[in-house]
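FYI, the numbering just counts along the sequence from 1.
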Amino acid sequence: MLHFLPKPLIGLVSFLLYIGNTLFWAVPILCLAILKLPPVQRWQTWITWLLDACASAWISINNCTTALFTRIRWDVKGLETLSLKDWYLVVANHQSWVDILVLQKVFNRQIPFLKFFLKKELIYVPVIGLCWWALDFPFMKRYSAAFLAKHPELKGKDVETTRKACEKFRYKPVSVMNFLEGTRFTPEKHTKQQAPFAHLLKPKAGGISFVLNAMGEHLHKLLDVTIYYPKGSPSFWDYISGKVHDIKVRVRVLPIDPALIGDYEDAQYRQQFQHWVNQLWLDKDRQIALLQQESR
C-alpha cells in the first residue's frame, strides 16, 4: 500500500515498527511466563496456549507491517493438509536471515507456533532471549567429540537435557524448526565444501538425528520446506525496505518413520540416516532447479 515511498524511509519505519512490536509483546509474554512457574501441569498448559497466542499475534503484526510497506508476490504451495492440532518437525534450506521471517509468514496460524532449537548462549540476547525462554524454545548445549573424549561421563547428556526440555511439548501441539545446513548458503561456502548439490550446502545429518532422538516420539510429521528467491538471496534490510518482489515456497508433508529414531553413534544407523537425509536434499536440490526454470 505504501510501497511507493523511498526505500530507505520504508526500511527505517518498518524497522522501528518491528522493534516497537517486539517490545510491546515482550511485556505480556514475560508476565505470562512468571504466571506459568507454579508446577501444575494443566495450569502450565493453559498458560502456554496464551503465550503462543501472543507470539502468533506478534508475528501477525510483523506480517501486516510487511504487507503495508512492500509488494511481495508470494508463491506458496503445499499448505492444504496442515493443521494446528498436529506435531511437526520443520526443515528448510537456509540462505538468509529472511528465511525465518518467510517461515513465520507462511506458517503463522497454519501450524502450531514455530519454535527453533537455539544455542544455550542465546538466552542472554536482550529482551528477545527471555521471550524465547518464555515461549519454551529449546536451548541446546552440544558437546564436541573432542570434549566428550576427555569427559566420557557426559556422553548422551546433551540429548537427555534436550529431551527433558521438550517434555512439555507432550501436552500441546508444537512445530520445531531445524536448518539442516547449519549455516547460510553462500557460493564461497558451497565451493569450499565441494557439496554434491547444485544449490545447497551439505546437510548435517547429526543435527536432525539429535532432534529426533530427543523428541521423536512427540513428532508426527516432517515438513520439508524449500525457499527460493528468484532475484537472489536478500538481506533483512532488503526485505523490510521493499526491495524483495518475489518469494517462492514449496512444502512437502512427509511421515516420520520410527526407524529414523536411533543412536547416531551406531555405525549402521548413522549410515542409513545419512542416506535418508542426502536423499531428502537431492529432492530439494531438484525442486530448486525447477523453481529456477519457472522463474525464467
Side-chain angles (χ1 to χ4, degrees), residues 1-33 48-80 82-85 88 90 92 94-116 125-132 134-137 173-177 223 225-231 233-251:
M1 188 181 299
L2 299 177
H3 58 271
F4 60 86
L5 295 173
K7 295 293 188 288
L9 178 61
I10 288 176
L12 177 60
V13 174
S14 295
F15 181 73
L16 293 175
L17 288 174
Y18 269 71
I19 294 295
N21 187 39
T22 298
L23 294 175
F24 174 84
W25 287 106
V27 175
I29 286 173
L30 294 177
C31 289
L32 285 169
T48 298
W49 282 101
L50 294 178
L51 280 163
D52 283 359
C54 288
S56 292
W58 176 11
I59 300 305
S60 292
I61 294 175
N62 283 342
N63 291 340
C64 287
T65 297
T66 301
L68 179 63
F69 289 103
T70 67
R71 190 165 54 177
I72 299 173
R73 290 181 290 269
W74 292 90
D75 179 2
V76 182
K77 295 181 181 178
L79 305 182
E80 298 80 12
L82 302 184
S83 170
L84 289 167
K85 298 179 180 180
Y88 295 101
V90 184
H94 193 18
Q95 305 154 83
S96 163
W97 291 114
V98 175
D99 298 340
I100 295 174
L101 300 178
V102 169
L103 291 167
Q104 289 177 333
K105 149 72 178 172
V106 169
F107 290 121
N108 192 42
R109 304 187 190 280
Q110 297 286 334
I111 60 176
F113 183 72
L114 271 177
K115 308 202 177 184
F116 295 77
V125 175
V127 182
I128 194 76
L130 285 176
C131 288
W132 286 330
L135 292 167
D136 292 329
F137 279 49
V174 70
S175 302
V176 180
M177 174 65 212
L223 298 187
V225 184
T226 302
I227 304 171
Y228 177 64
Y229 305 102
K231 299 300 182 182
S233 177
S235 66
F236 173 72
W237 180 258
D238 291 337
Y239 182 80
I240 67 172
S241 62
K243 296 180 181 179
V244 179
H245 301 296
D246 292 278
I247 298 177
K248 296 178 180 287
V249 181
R250 298 293 182 266
V251 181

*Return the set of residues passing salt bridge (charged side-chain N to carboxylate O under 4.0 Å, His left out) with D99 (not counting sequence neighbours), or none when no residue passes.*
none
*Partners passing side chain to side chain contact (heavy atoms under 4.5 Å, CB included) against L30 (at least two apart in sequence or in another chain)*: L130, A134
*With sequence neighbours left out, what residues match K248 under side chain to side chain donor-acceptor pair (under 3.5 Å)?*
D75
*Report the C-alpha separation of N62 and L101 in whole Å, then their side-chain angles, then the decisive distance to 0.1 Å, and conclude whether the side chain to side chain contact (heavy atoms under 4.5 Å, CB included) test is met.*
CA-CA 9 Å; N62 283 342; L101 300 178; 5.6 Å; no
*Set of side chain to side chain donor-acceptor pair (under 3.5 Å) partners for N108, sequence neighbours left out*: S60
*Kindly write out the residues that satisfy side chain to side chain contact (heavy atoms under 4.5 Å, CB included) with I10, not counting sequence neighbours, or none if the list is empty.*
L5, S14, F69
_Pairing residues for N63 by the side chain to side chain donor-acceptor pair (under 3.5 Å) criterion, not counting sequence neighbours_ = none
*Under 3.5 Å side-chain donor-acceptor pair for S83 and Y88*: no
Taking only distance into account, with no hydrogens and no angle test, what donor-acceptor pairs under 3.5 Å do side-chain atoms of residues 49-57 form with protein atoms, sequence neighbours excluded?
from, atom 1, to, atom 2, distance (Å)
D52, OD1, K115, NZ, 3.2
D52, OD2, K172, NZ, 2.8
S56, OG, D52, O, 3.1

*So which pairs with a foot in residues 11-26 pass salt bridge (Lys or Arg N to Asp or Glu O under 4.0 Å), sequence neighbours left out?*
none
*Partners meeting side chain to side chain donor-acceptor pair (under 3.5 Å) with Y228 (sequence neighbours left out)*: none
*Could I get the full list of side chain to side chain contact (heavy atoms under 4.5 Å, CB included) partners for I128, not counting sequence neighbours?*
T22, W58, V125, W132
*Qualifying residues under side chain to side chain contact (heavy atoms under 4.5 Å, CB included), relative to W237, sequence neighbours excluded*: S235, I240, S241, K243
_Counting only heavy atoms from other residues, nucleotides and ligands, does the tally under 6.0 Å from CH2 of W97 exceed 12?_
no
